[in-house]
Trainee: 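I have a structure here, written as structure tokens, and I will follow up with some questions on it.
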Amino acid sequence: MTNLGFQAAYNLFNLMPECVCERAFLPDADELEEHARTSTPLFSYESQTPASEFDIVAFSLPFEEDYPNIPRLLNLIGIPVNSSQRPSLSPLVMAGGVAVSLNPLPVAGFFDLFLIGEAEGAIEPFVEAHKAASRLLRLDALRELDRLKYVFIPSLYDYSYDGATLKGMSPKPGAKARVVASKNLNLDAYPIPRSFIVTPESEFKGAYLAEIERGCPRGCRFCAAGFLYLPPRWRDAVSVKDTIRRGVETTGKAGLVGTAVSEYPWIKETIEAGIEAGGTMTLSSLRLDMLDAGLVGLLKKAGYQTVTLAPEAGSGRLRNVINKCVTDADIMEAARLVAEAGFLKMKLYFLIGLPTETDGDAAAIVELVSAMKGVMKRGGITLSVNPFIPKPAIPFQWAAFEDAKVIEGRLSIIKRGLSRVSGVIIKSMSVKDAFVQAYISRADPRAGAIIAEASEAGWRPTVRKYAGFMEGSVYRGREKDELLPWDVIDHGLKRQYLWKEYQKGLCGKTTPPCDVGACLRCGVCVAS
Ligand code: SF4
């Protein structure tokens with residue numbers, strides 16, 4: 001409900017005078033029982049209209065974990081789960097969001113169409129095209145919408161398979177060969193994505209969130225958001241500060257959102273604006289080599305409670321592999337600044353199962369965190385240690401997911417090693433959940449049947465049933481030139497560049513950050 005991407009799309013639809021967009025959510029388990037008992041279909045919050053009566057049912061899908069909820073919601077609405085079985089008068093069912101913009105294929109069978117990429121600049125032409133096509137028969141209307149370069153209509157392609165791999169994906173006559181992800185290169189041309197719904201009952205507990213920047217210049221090779229949102233773009237400082245002031249005046253608490261908020265050139269004055277307006281501030285994780293005494297002091301003044309940093313790997317060698325490019329000295333300096341400013345809580349993100357990782361790298365996490373705890377004598381450190389999941393559209397898209405037993409082994413090295421250090425808590429995503437996400441992230445349309453089964457039976461029995469098939473995908477490194485399910489999407493990144501970055505990573509060679517205006521290397525920026 002608080003997701004800014006979803007709220008931005010909701011606002012953009014409603015800014016069009018001829019368009020009314022209302023919200024509906026998957027009910028909680030007890031409410032679902034009530035829906036079933038009373039045969040009540042899903043209806044909208046705003047006008048209590050049954051969702052099936054809208055022209056379009058649009059899903060916002062930021063995370064792969066949401067996918068089993070798609071069949072649940074469609075059943076609740078009363079729309080056939082498979083797009084091929086929908087009658088011609090059924091609403092169009094579409095999806096957008098980060099997860100499907102990376103790879104829409106795993107859920108291709110559930111949707112009539114996808115809007116790939118960023119919503120600004122895509123929604124208005126889509127609504128216009130939909131209006132013009134609404135008198136046509138369903139298939140003809142979809143063909144009309146296919147003219148928009150960022151619309152992906154999965155039923156307009158033929159798919160063929162060879163064992164675990166997708167062998168072919170060819171457009172049917174008249175359909176376009178590639179879908180170009182929509183990108184809003186001028187953030188200031190559109191309203192700042194910000195909270196329209198603020199409630200203590202949701203994530204971020206009543207904070208007014210605003211997106212201050214998009215894209216990260218650093219090129220960490222494991223990070224899907226980092227590559228998907230290239231190039232880095234900053235919003236105008238004056239309107240950002242105005243928005244934050246308004247937010248603080250309304251709710252008393254503002255949250256700065258972005259792919260890399262600490263890279264925002266006006267981050268300090270933005271925090272100051274929130275403080276001057278009398279509110280507290282919250283930020284997503286901070287780039288640790290961007291911290292200095294001034295920024296840490298401001299965060300303290302802004303009521304920031306837990307400093308969240310992301311070393312990602314314990315050894316300098318592995319940080320070079322992933323292009324994190326921070327040294328042990330940088331990390332220790334950040335810990336010192338945080339401790340000296342009087343913070344009592346620090347959260348650290350680490351990944352395990354990264355390409356080329358060894359048990360020694362896991363032991364290096366123990367050493368590093370022990371040293372940081374030595375600096376941060378008062379208070380505690382919480383580690384979030386999660387398995388690395390190879391995602392589409394990143395240099396590591398070709399890498400295999402690490403064997404579950406190896407991941408468990410590395411996790412126990414970290415847990416055992418840090419059990420002797422007081423004030424350190426370790427949290428970790430379950431390896432089984434990571435395995436499922438690793439399968440879905442890079443899957444082809446055959447995943448749809450597995451997801452539909454999981455939506456009824458749950459993931460554990462479904463994974464047992466399809467273990468061989470899923471393992472064949474999850475544990476397999478991809479060939480350099482093999483067809484990848486998301487190859488149909490042009491994310492703007494040159495495949496050759498991503499492969500070169502992967503190879504550089506395996507050798508531990510680093511790449512400097514973006515130099516927007518002077519650099520054309522990845523394909524996203526074009527010569528002006
Ligand atoms: S072309 Fe260069 S500056 Fe532009 S997004 Fe790619 S790496 Fe960054």
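Both ligands and their constituent atoms are indexed starting at 1 by order of listing.
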Trainee: Would you confirm whether Arg235, through its side chain, and Leu187, through its main-chain N or O, come within 3.5 Å as a donor-acceptor pair?
Mentor: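 Flag set: sc Arg235 to bb Leu187 pair under 3.5 Å.
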Trainee: Run the side chain to side chain donor-acceptor pair (under 3.5 Å) test against Asp188 and tell me which residues pass, sequence neighbours left out.
Mentor: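 Listed in chain order: nothing, the list is empty.
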Trainee: Under 3.5 Å, is there a donor-acceptor pair between the Arg221 and Thr510 side chains?
Mentor: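 No pair is found: no donor N or O on one side chain lies under 3.5 Å from an acceptor on the other.
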Trainee: Around atom 6 (Fe) of ligand 1, how many protein N, O or S atoms are found at less than 2.8 Å?
Mentor: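 Protein heteroatoms (N, O, S) closer than 2.8 Å to atom 6 (Fe) of ligand 1 number 1.
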Trainee: Is there side-chain contact between Gln437 and Glu65, with heavy atoms separated by less than 4.5 Å?
Mentor: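 The answer is yes, as the side chains (C-beta and beyond) meet within the 4.5 Å cut-off.
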Trainee: Between Arg442 (side chain only) and Pro485 (backbone N and O only), is there a donor and an acceptor less than 3.5 Å apart?
Mentor: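 Not at all, since once roles are kept as given, no pair shorter than 3.5 Å links the two residues.
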Trainee: Students often mix this up, so state it plainly: with edges at 30° and 60°, are the rings of Tyr475 and Phe401 parallel, tilted or perpendicular?
Mentor: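 Correct class here is parallel.
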